[in-house]
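In listed order, ligands and their atoms are each counted from 1. Just so it is clear, the model here is predicted, and its values are computed rather than measured. Only this structure's heavy atoms are used, side chains among them; waters, hydrogens and symmetry mates stay out.
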Amino acid sequence: MGTPLMIHVKARSSPYPESQVERYPVPDNYVSWSIPWAEYEPLDYTADIVRAGPEWADPDFREEGQSEDGPRFNTLDGRIDRTSFVGCYELDEDKLPRNPMGRTGITSRGLLGKWGPNHAADPIVTRWKREAGEKVIHEQSGKPILQFVAIKRKDCGEWAIPGGMVDNGELVSATLKREFGEEALDSLTASKHEKDRLRRLFQSIFSNEKAKEVFAGYVDDPRNTDSAWVETVATNFHDDTGDSVGQLDLQSGDDAGHVQWSDIDQKLQLYATHSHFLKRVTEMWGAHW
Ligand code: RP5
């Protein structure tokens, strides 16, 4: 597939998430599959939770008793989208899909359910930071500051966009709403009545004409392996006037600080490549970065 467009970094970090597993160290100049590397011996690792065969995971088609055909890659395989935003990915000598961004030091699926691309969706809900109704201007950049709804991930404790995996057969637009509901709204300690009101507010902002796609492609996710990786569609839902979702007072209503409005700034340390998506959002709205 030639030289990767970007060099993944988090996809080479050790230990592998939720484990003591160490990746085979891959220096920058050996990431690309186009560089021959006879010594390369990635560890074959699939987490127990994936081996247990939950409905969101593929079976291990290499095991006895499984259909010899395995998944159909680079196409819509029944209800599962196995196409990649990056293009047509290769299969290795064991018929395993090859990570289009190069080596990661681990083969098999790790914590990921699907062989090849694992499609996700990331809803970026934004508003302007305001004080007494006026937009707050950053003193260095001279630009207004955007805020986004951030969640603290339960698996690693890192702050992130409240995204999630696309269910089999689900439209990305539905995943965006579902994940936002599950990850941001459900963790609020608001009453059912209040949550229903919030849901209605979000329903309006999640309507298609207000959505702006900011990214569709490979995510440098720490769970990626040589044969399984995350790809996402990141979509911005912006409340320009602050009278819709922007009213949501997450600071006071949240559950132990697991969801909050966070100022967007380049210093933010976020999960995977989420700050890269936010940078694009600031460019789109002429906001501070
Ligand atoms: C990231 O993992 C994506 O950008 C998305 O935010 C998330 C999906 O995985 P789960 O949150 O479902 O674990 O790479």
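Annotation: Asp155 places no N or O atom under 3.5 Å from an N or O atom of ligand 1; distance criterion only. Where the criterion is an N or O separation shorter than 3.5 Å, residue side chain and backbone included, Asp122 meets it with respect to ligand 1.
For the residue pair Asn168/Trp56, the side-chain donor-acceptor check at 3.5 Å is not satisfied.
No side-chain heavy atom of Ile264 sits less than 4.5 Å from a side-chain heavy atom of Ile145. Between Leu176 and Val172 there is a side-chain heavy-atom pair separated by less than 4.5 Å.
Aromatic ring orientation, His119 versus Phe85: perpendicular (interplanar angle above 60°, classes split at 30° and 60°).
Heavy atoms from other residues, nucleotides or ligands lying under 6.0 Å from CD1 of Ile137 number more than 12.
Contact atoms of ligand 1 toward Val219: 14 (O) (distance under 4.0 Å to a heavy atom of the residue). Ligand-side atoms of ligand 1 in range of Arg223: 2 (O), 7 (C), 8 (C), 9 (O), 10 (P), 13 (O), range being under 4.0 angstrom from any heavy atom.
Among protein heavy atoms, the minimum distance from atom 1 (C) of ligand 1 is reached at Asp221 OD2, 3.3 Å.
If you take CD1 on Ile80 and CG on Asp167, they are separated by 11.0 Å, rounding to the nearest 0.5 Å.
Contacts of Glu179 with ligand 1, taken as heavy-atom pairs under 4.0 Å, are absent altogether.
Closest heavy-atom approach to atom 11 (O) of ligand 1 among the candidates Arg153, Met165, Lys154: Arg153.
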